[in-house]
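Protein chains get the first letters and strands the later ones, always in sequence-line order, with residue 1 at the start of each. This structure is a prediction, so every number in the text was calculated from the model and none was measured.
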2 protein chains.
Amino acid sequence: MARPRLGDLQLAILEVLWERAEATVADVHESLLVDRGLATTTIATMLRKMEERHLVAQRRDGRVLIYRARVERDAVHRSLVGDLVARLFDGDPKALVHHLIDEGDLDAAAIDELRRRVQKRRKEASDVR
Amino acid sequence: MARPRLGDLQLAILEVLWERAEATVADVHESLLVDRGLATTTIATMLRKMEERHLVAQRRDGRVLIYRARVERDAVHRSLVGDLVARLFDGDPKALVHHLIDEGDLDAAAIDELRRRVQKRRKEASDVR
DNA sequence: TTTTTTCGACTACCACGGTAGTTTTCGCCG
DNA sequence: CGGCGAAAACTACCGTGGTAGTCGAAAAAA
């Protein structure tokens with residue numbers, strides 16, 4: 001029993017739900033229509049499968065099903081990023097950033113911004129405490 | 001036809017091949033035996049499938065097949081990381097690092113080290129030029 | 001009330017990662 | 001030369017993401 005590993009469509013659907021909080025099959029279909037030319041039934045099927053896996057919750061309003069995300073964005077991001085870090089970088093997040101730098105995806109300005117962000121985060125964390 | 005998206009076992013196999021340059025089925029099997037208790041045939045099947053997808057190359061030495069990686073580590077890392085960044089962070093690598101910081105996976109010391117690394121990389125790049 | 005539209009439910013496929021058993025091949029040793 | 005043993009080849013199966021058609025029920029329209 002390996003992990004479910006959400007695919008592209010599932011992620012796209014969740015993205016829609018994260019933005020709208022609630023949506024019907026038609027809503028999701030319409031939102032994704034531009035990027036992917038999928039049939040409505042495809043979205044419906046996917047939503048049903050995702051409901052089975054408890055990724056989304058479904059509520060009935062009359063004869064229409066209304067879906068909402070049951071996992072939150074941060075949790076999904078954390079899980080997927082953590083997964084990648086575990087798979088490729090032996091669980092060391094720094095190694096991932098090293099990779100990004102070596103590939104030229106981050107420049108000095110970006111790092112400086114990150115530095116500020118760390119400072120800010122530290123402050124917020126102590127404020128909460 | 002979506003992308004193949006290498007799985008855990010495939011990655012583990014590639015890891016072995018990246019370290020040894022060349023390996024037989026038995027070699028790979030032995031290397032992975034500790035972590036995963038897989039049958040030799042499983043490794044063999046996976047290697048054959050990977051050969052079909054041109055992830056590895058196969059060379060015959062008498063009766064034995066010798067495999068070597070046909071994709072390089074950096075390329076795979078780049079591809080998988082790029083994929084994740086595209087999927088989750090709208091193609092912006094900085095957003096990924098922001099996430100890491102917000103999750104507390106990177107502290108100030110780590111950032112300072114990254115800064116040094118950027119400096120070094122910039123130097124190396126100009127040296128090559 | 002009858003017809004048409006709209007939804008969801010069910011079913012069916014395909015590709016592919018992962019896992020392994022069965023069969024065939026082939027070189028080597030006695 | 002013949003049989004043994006190891007390696008490769010073939011086959012099979014499951015779960016799941018992705019894609020969509022069909023069908024039936026129910027609501028809306030005529």
Side-chain angles (χ1 to χ4, degrees), chain A residues 1-16 22-33 35-68 71 76 79-80 83-84 87-88, chain B residues 1-16 22-33 35-68 71 76 79-80 83-84 87-88:
Chain A
M1 174 191 21
R3 77 189 134 312
R5 266 230 271 246
L6 32 173
D8 272 0
L9 179 55
Q10 302 188 346
L11 210 64
I13 288 176
L14 283 178
E15 215 78 57
V16 173
E22 286 196 333
T24 66
V25 174
D27 290 338
V28 176
H29 178 241
E30 198 190 350
S31 292
L32 297 180
L33 198 56
D35 312 277
R36 326 160 160 244
L38 292 179
T40 316
T41 54
T42 302
I43 305 293
T45 305
M46 202 63 237
L47 276 168
R48 229 187 38 255
K49 285 183 178 180
M50 289 170 79
E51 202 274 334
E52 280 167 20
R53 298 204 195 319
H54 302 118
L55 290 173
V56 301
Q58 105 194 136
R59 176 168 63 84
R60 237 212 159 85
D61 182 28
R63 56 196 243 88
V64 183
L65 289 183
I66 297 176
Y67 290 92
R68 68 176 171 80
V71 290
V76 168
S79 162
L80 290 181
D83 211 51
L84 189 84
R87 277 158 59 83
L88 297 190
Chain B
M1 175 188 23
R3 78 196 138 311
R5 265 230 271 250
L6 33 170
D8 275 359
L9 178 56
Q10 302 188 348
L11 210 63
I13 288 176
L14 283 177
E15 215 79 56
V16 173
E22 285 197 335
T24 65
V25 172
D27 290 338
V28 176
H29 178 240
E30 197 190 350
S31 291
L32 298 181
L33 198 56
D35 311 278
R36 326 160 159 245
L38 292 180
T40 317
T41 54
T42 301
I43 306 293
T45 304
M46 201 64 236
L47 276 167
R48 229 186 40 255
K49 285 183 176 179
M50 289 170 78
E51 202 274 333
E52 280 166 19
R53 300 206 187 353
H54 303 117
L55 290 173
V56 302
Q58 180 178 70
R59 176 169 63 85
R60 191 150 220 133
D61 182 28
R63 67 239 142 260
V64 182
L65 290 182
I66 297 175
Y67 289 93
R68 68 176 172 78
V71 290
V76 168
S79 162
L80 290 181
D83 212 51
L84 190 83
R87 278 158 58 84
L88 296 191

With the criterion being N/O to N/O and under 3.5 Å, what pairs connect the protein with nucleotides 8-11 of chain C, and how long is each?
unit_1	atom_1	unit_2	atom_2	d
C/dG8	OP1	A/Leu65	N	3.3

Closest heavy-atom pair and its distance - [X], [Y]:
X       : Y       : value
B/Val25 : B/Ile43 : O-CG2, 4.1 Å
B/Met50 : B/Gln10 : CE-O, 3.6 Å
A/Tyr67 : A/Arg48 : OH-N, 4.3 Å
A/Arg5  : B/Leu6  : NH2-O, 4.4 Å

To the nearest angstrom, how far is [X] atom [atom1] from [N] atom [atom2]?
X       : N      : atom1 : atom2 : answer
A/Arg87 : C/dG17 : CZ    : P     : 11 Å
B/Glu52 : C/dC16 : CD    : P     : 10 Å
B/Met46 : D/dC13 : CE    : P     : 19 Å
B/Leu47 : D/dA9  : CG    : P     : 11 Å
B/Glu51 : D/dA8  : CD    : P     : 13 Å
A/Ile43 : D/dG17 : CD1   : P     : 15 Å
A/Asp8  : D/dG18 : CG    : C1'   : 10 Å
A/Gln10 : D/dT16 : CD    : C1'   : 9 Å

Phosphate-side-chain proximity, A/Thr42 and D/dG18, N/O vs OP1/OP2 below 4.0 Å: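 No, A/Thr42 has no side-chain N/O under 4.0 Å of OP1/OP2 on D/dG18.
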
Phosphate OP1/OP2 of D/dG17 contacted by A/Arg53 side-chain N/O (<4.0 Å):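 So the side-chain polar atoms of A/Arg53 do come within 4.0 Å of the phosphate oxygens OP1 or OP2 of D/dG17, strictly under.
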
Straight-line distance of A/His29 NE2 to A/Arg36 CZ, nearest 0.5 Å: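 Reported value, rounded in 0.5 Å steps: 11.5 Å.
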
Identified side chain to side chain contact (heavy atoms under 4.5 Å, CB included) partner of A/Leu32 from the options A/Thr42, A/Leu38, A/Ile13: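 Among the candidates, only A/Ile13 passes.
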
Heavy-atom side-chain proximity of A/Arg68 to A/Val56 below 4.5 angstrom: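 Contact flag for A/Arg68/A/Val56 side chains = no.
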
Relative orientation of the end axes in the helix from C/dT1-D/dA30 to C/dG30-D/dC1, expressed as an angle to the nearest 10° (five pairs per end):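 Here the helix ends are tilted 30° relative to one another.
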
A/Glu30 atom CD: more than 12 heavy-atom contacts under 6.0 Å: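 Count not over threshold, so no.
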
Set of residues satisfying salt bridge (Lys or Arg N to Asp or Glu O under 4.0 Å) with respect to A/Glu22, sequence neighbours excluded: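 Partners of A/Glu22 by the salt bridge (Lys or Arg N to Asp or Glu O under 4.0 Å) criterion, ordered by chain and then number, come out as A/Arg59.
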
Sugar-phosphate, base or nothing in reach of A/Leu38, heavy atoms under 4.0 Å: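 Sugar-phosphate contact only.
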
